[in-house]
There are 2 protein chains.
Amino acid sequence: MKISSRGKYGTRALLDLAQHNNESPVQLKDIAQRQQIPLAYLEHLISPFVNAGIVKSIRGARGGVWLAKPPQEIKLKEVVELLEGSIAPVECVSNPMECPRSEFCATRDVWGELEQAINAVLESTTLKDLVERQRQKEQSKGVMS
Amino acid sequence: MKISSRGKYGTRALLDLAQHNNESPVQLKDIAQRQQIPLAYLEHLISPFVNAGIVKSIRGARGGVWLAKPPQEIKLKEVVELLEGSIAPVECVSNPMECPRSEFCATRDVWGELEQAINAVLESTTLKDLVERQRQKEQSKGVMS
DNA sequence: CAATTGTTGACTAAAATAATCAACTTTCTC
DNA sequence: GAGAAAGTTGATTATTTTAGTCAACAATTG
């Protein structure tokens, strides 16, 4: 039940993009540096978002990437699923055919509830929420020092 | 965010044990057969439960395993954690020292909420609940045929 | 044209997963 | 007490996933 580095890195990358929204394109190398993600790895993490139309990009000098939609319209669920695949904790929840036991399996029910719970969190959180939270954290950091 | 075969198999095994509670010891090979788990693998899945004192065992002819506590006192959280380790979706949620960003990381907050959500489900479900659910499923199966 | 930056695909090392096997210990039954 | 039955343990293995690297390429700017 772990989120992989893909998921962690990728989410951080999109938060970074949301923080630098409505500026000029953000360069991958800057995201990589700020979020401490290997650049060559980050390239592969951004690509699914571009394919899904969540992120736009432009190549060449002064190129970069940016969000195709306002941050409040991008739910964490999309983000995580693009990185990690279905959030269902077991295959048979989304695809009952996969296991002959599905129909009468009590444990499967619980995994289904787990999916619901996870889904509720990820559906209710947008990149905008993340940006705001991050801002609050930065503020209290400032107050402390 | 997947549950491994360990988790799936092990949970099924404990449900099976709960179903056959207050009978004579249940043999691993019977669990293996009913739950469709490779016997040699099941042996390794049961061992953590024995070590944790949730399952008791006796060797030799007519030996077997059984629950050390009534099913309603065994939460799925214990079961899953013994099989898969901490349910925290990222290490830094349970162990902030692990990442220097922890203190001011907004994404970490969300992973924390995810843990809470997962925790709520697994804390509120016991083996007894599973047994009852399974019984209901078996009943409706009977009605249908 | 040269520098910059994203895109893509091939490749690899390391770790986790899902077993399997064999030797061993305990217990029961005859 | 012998032998079969059953759980215990540790070593080993094949496969898959993960995390990352590298290099060639394509597009864009100045």
Side-chain angles (χ1 to χ4, degrees), chain A residues 1-14 16-17 20 24-33 35-68 80 83-86 89-91 99, chain B residues 1-14 16-17 20 24-33 35-68 80 83-86 89-91 99:
Chain A
M1 290 294 286
K2 291 285 182 258
I3 290 189
S4 67
S5 291
R6 274 180 76 81
K8 289 184 268 183
Y9 286 165
T11 307
R12 289 222 301 268
L14 255 65
D16 192 286
L17 273 190
H20 298 84
S24 50
V26 181
Q27 292 173 11
L28 292 185
K29 74 168 170 224
D30 292 332
I31 303 179
Q33 188 164 24
Q35 301 298 330
Q36 307 184 138
I37 303 169
L39 174 60
Y41 196 31
L42 178 60
E43 288 165 353
H44 289 280
L45 304 186
I46 286 291
S47 138
F49 293 119
V50 174
N51 288 316
I54 289 181
V55 168
K56 299 235 182 248
S57 68
I58 193 166
R59 302 198 227 196
R62 316 267 307 170
V65 297
W66 66 94
L67 296 181
V80 172
L83 292 165
E84 307 244 321
S86 162
V90 298
E91 252 300 293
C99 175
Chain B
M1 289 294 286
K2 291 286 182 257
I3 289 189
S4 67
S5 292
R6 276 180 74 83
K8 288 184 269 183
Y9 285 165
T11 306
R12 289 222 299 270
L14 254 65
D16 192 287
L17 273 189
H20 298 84
S24 49
V26 181
Q27 292 174 10
L28 292 186
K29 74 169 169 222
D30 292 333
I31 303 179
Q33 189 164 24
Q35 302 297 330
Q36 307 184 135
I37 304 168
L39 174 58
Y41 195 33
L42 177 61
E43 288 164 353
H44 289 279
L45 303 186
I46 286 291
S47 137
F49 294 119
V50 175
N51 288 316
I54 288 182
V55 167
K56 299 235 183 246
S57 68
I58 192 166
R59 302 198 225 198
R62 317 266 310 169
V65 297
W66 66 95
L67 295 181
V80 172
L83 292 164
E84 306 244 322
S86 163
V90 297
E91 253 300 295
C99 176

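Residue numbers begin at 1 in each chain, while the letters A, B, ... track the order of the sequences. The analysis underlying the following values was restricted to heavy atoms, covering all of them including side chains, and did not include hydrogens, waters or symmetry mates.
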**OP:** Mind checking the NZ-CD spacing from A:Lys2 to B:Glu91? Nearest 0.5 Å is all I need.
**Re:** 6.0 Å
Original post:
Would a distance-only check, ignoring hydrogens and angles, find a side-chain to backbone donor-acceptor pair under 3.5 Å from A:Glu84 to A:Ser4?
Top reply: yes
Original post:
Rounding to a whole Å, what distance do you find between B:Leu39:CG and C:dA19:P?
Top reply: 13 Å
**OP:** Output the single nucleotide from D:dG20, D:dT18, C:dC21 whose closest atom is nearest the side chain of B:Ala40.
**Re:** C:dC21
**OP:** Please confirm whether any donor atom in the side chain of B:Arg59 sits under 3.5 Å from an acceptor in the base of C:dT25, or the reverse.
**Re:** yes
Original post:
Which residue lies toward the 5' end of DNA chain D, A:Ser4 or B:Asn51, if each is placed at its nearest nucleotide?
Top reply: B:Asn51
Subject >> side chain to side chain contact (heavy atoms under 4.5 Å, CB included) between B:Leu39 and B:Glu43, worked out >> reply: CA-CA 6 Å; B:Leu39 174 58; B:Glu43 288 164 353; 4.0 Å; yes
**OP:** Identify which nucleotide among D:dA4, C:dA18, D:dG20 has an atom closest to any side-chain atom of B:Ala61, counting heavy atoms from C-beta outward.
**Re:** D:dA4
Original post:
Tell me: CZ of B:Arg6 to P of C:dA19, nearest whole Å?
Top reply: 12 Å
Original post:
OP1 or OP2 of C:dA19 sitting under 4.0 Å from any side-chain N/O of B:Tyr9?
Top reply: yes
Original post:
Would you say B:Tyr41 reaches C:dT17's phosphate, i.e. side-chain N/O to OP1/OP2 under 4.0 Å?
Top reply: no
Subject >> N/O (side chain, B:Ser47) to phosphate O (OP1/OP2, D:dT8) under 4.0 Å >> reply: no
**OP:** Measure the distance from CD1 on A:Ile46 to P on C:dG6 and round it to the nearest whole Å.
**Re:** 9 Å
Original post:
Closer to the 5' end of DNA chain C via nearest nucleotide, is it A:Lys29 or B:Leu42?
Top reply: A:Lys29
Original post:
Taking CH2 from B:Trp66 and C1' from C:dT27, how many angstroms apart are they, rounded to a whole number?
Top reply: 12 Å
Original post:
What's the CD-C1' distance between A:Glu43 and D:dG20, to the nearest Å?
Top reply: 11 Å
Original post:
So how far is it from B:Gln36 CD to A:Cys99 SG, rounded to the nearest 0.5 Å?
Top reply: 7.5 Å
Original post:
Is A:Val55 touching bases, backbone alone, or none of the nucleic acid, heavy atoms closer than 4.0 Å?
Top reply: nothing
Original post:
According to a strict under-4.0 Å criterion, is A:Ser57 in side-chain N/O contact with OP1 or OP2 of C:dT7?
Top reply: yes
Original post:
Would you say C:dA18 has OP1 or OP2 under 4.0 Å from some side-chain N or O of B:Ser5?
Top reply: yes
Original post:
To the nearest Å, how far apart are B:Ile31 CD1 and D:dG7 C1'?
Top reply: 11 Å
**OP:** Only one of B:Leu17, B:Leu14, B:Ile46 passes side chain to side chain contact (heavy atoms under 4.5 Å, CB included) with B:Ile54; say which it is.
**Re:** B:Leu14
**OP:** Would you mind classifying the nucleic acid contact of B:Gln27 as base, sugar-phosphate or nothing, using non-hydrogen atoms under 4.0 angstrom?
**Re:** sugar-phosphate
Original post:
How close or far is atom P of D:dT18 from atom CD of A:Glu84, stated in whole angstroms?
Top reply: 8 Å
Subject >> Interatomic distance, B:Ile37 CD1 vs C:dT20 P [rounded to whole Å] >> reply: 13 Å
Original post:
Looking at the side chain of A:His44, which of C:dG6, D:dG7, D:dT21 is the nearest nucleotide?
Top reply: D:dT21
Subject >> Candidate nucleotides C:dA19, D:dA19, C:dT8, ranked by approach to the side chain of B:Pro38 - the nearest >> reply: C:dA19
**OP:** Identify the two heavy atoms, one from A:Ser57 and one from A:Val50, that lie closest to each other, and give their separation to 0.1 Å.
**Re:** OG-CG1, 4.2 Å
